[in-house]
Amino acid sequence: MNSSLYLAASAGTAFGFLAVLVAGVLITAGLIWAVRLGIGVRRREHRPPRPEEQPRLPDSGPVRESHEMRAPHEMPRTDGERLTPHELRPTGGAPSGDQQRGRWSEGSSGSFGSGGSGGA
C-alpha cells in the first residue's frame with residue numbers, strides 16, 4: 001500500500017482545519033473590535049432629551065389643517081423667449097375670491113377624459 005497518499009491526505013486535512021480555525025479567530029476578533037468601536041461611538045453621542053426638554057403643544061392647542069381654494073398665478077407673457085425657472089413665480093398662487101370647491105356638472109361622468117356628456 002502507498003502510505004504517502006494517506007500522509008498527504010492527512011496533511012491537507014490538518015491544514016484545512018488550521019485555516020478554518022484561524023479564519024474563525026479572525027472573524028471573532030473583528031466582531032469584538034466592531035462592538036467595542038460601536039460602544040465608543042455611542043458614548044460620544046449626545047444624550048437623548050429628557051422629558052422636560054421635549055417639544056410641547058402650544059397653549060392654544062394642536063395646530064389644525066386649513067383648507068382654502070387658491071387661484072394660480074398667471075404665466076408671464078414673453079416675446080417667444082423661453083422662460084427659466086427663476087423667472088417664474090412660486091406655484092402657491094393667492095387665495096381665491098371664491099372659496100367653494102369646484103364640482104362637476106350634474107349628469108356628466110365626473111371622470112377626466114371619459115367622454116361623458118354635458119361637461120362644463
Side-chain angles (χ1 to χ4, degrees):
M1 224 176 187
N2 189 357
S3 62
S4 64
L5 184 63
Y6 290 115
L7 185 60
S10 67
T13 303
F15 177 74
F17 176 75
L18 184 63
V20 168
L21 181 67
V22 168
V25 168
L26 288 176
I27 289 172
T28 303
L31 289 172
I32 290 171
W33 174 80
V35 167
R36 289 185 57 125
L37 179 70
I39 290 171
V41 167
R42 183 76 188 251
R43 282 188 183 146
R44 287 189 299 269
E45 288 179 350
H46 295 290
R47 63 168 176 73
R50 292 188 200 110
E52 60 270 8
E53 297 171 340
Q54 295 288 336
R56 298 278 178 229
L57 280 176
D59 293 334
S60 61
V63 178
R64 303 278 185 232
E65 266 185 47
S66 65
H67 296 278
E68 68 177 350
M69 302 303 291
R70 310 248 336 148
H73 288 297
E74 294 291 327
M75 279 295 287
R77 302 276 181 208
T78 62
D79 301 333
E81 296 285 323
R82 202 171 107 191
L83 293 174
T84 56
H86 72 274
E87 294 171 321
L88 297 174
R89 293 184 187 173
T91 58
S96 176
D98 179 21
Q99 291 294 315
Q100 297 295 323
R101 285 180 53 193
R103 300 286 185 188
W104 59 84
S105 300
E106 190 66 39
S108 70
S109 66
S111 177
F112 178 76
S114 66
S117 64

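Note that the structure is predicted; figures quoted are calculated from it, not measured. Computed from heavy atoms alone, side chains included, the values below leave out hydrogens, waters and symmetry copies.
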For Glu53, enumerate each residue passing the salt bridge (charged side-chain N to carboxylate O under 4.0 Å, His left out) test, keeping only those at least two apart in sequence or located in another chain.
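Glu53 satisfies salt bridge (charged side-chain N to carboxylate O under 4.0 Å, His left out) with Arg47, Arg50 once adjacent residues are dropped.
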
Search all heavy atoms of Arg56 against all heavy atoms of Pro51 and return the closest pair with its distance.
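Arg56 and Pro51 have their closest heavy atoms at NH2-O, 2.8 Å.
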
Verify the neighbour count for atom CD of Glu52: are there more than 12 heavy atoms of other residues, nucleotides or ligands below 6.0 Å?
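Yes, CD of Glu52 has more than 12 neighbouring heavy atoms, counting only those of other groups under 6.0 Å.
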
Tell me whether the count of non-hydrogen atoms from other residues, nucleotides or ligands lying under 6.0 Å of CZ in Arg42 goes above 12.
no

Should Glu45 and Arg43 count as an ion pair when the cut-off is N to O under 4.0 Å?
no

Euclidean distance, Leu21 CG relative to Leu26 CG, rounded to 0.5 Å
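Between Leu26 CG and Leu21 CG, I get 9.5 Å after rounding to 0.5 Å.
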
Hydrophobic clusters join Ile, Leu, Val, Met, Phe, Trp and Tyr when side-chain heavy atoms are under 4.5 Å apart, directly or via other members; which others share one with Ile39?
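Under the 4.5 Å side-chain rule, Ile39 groups with Val35.
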
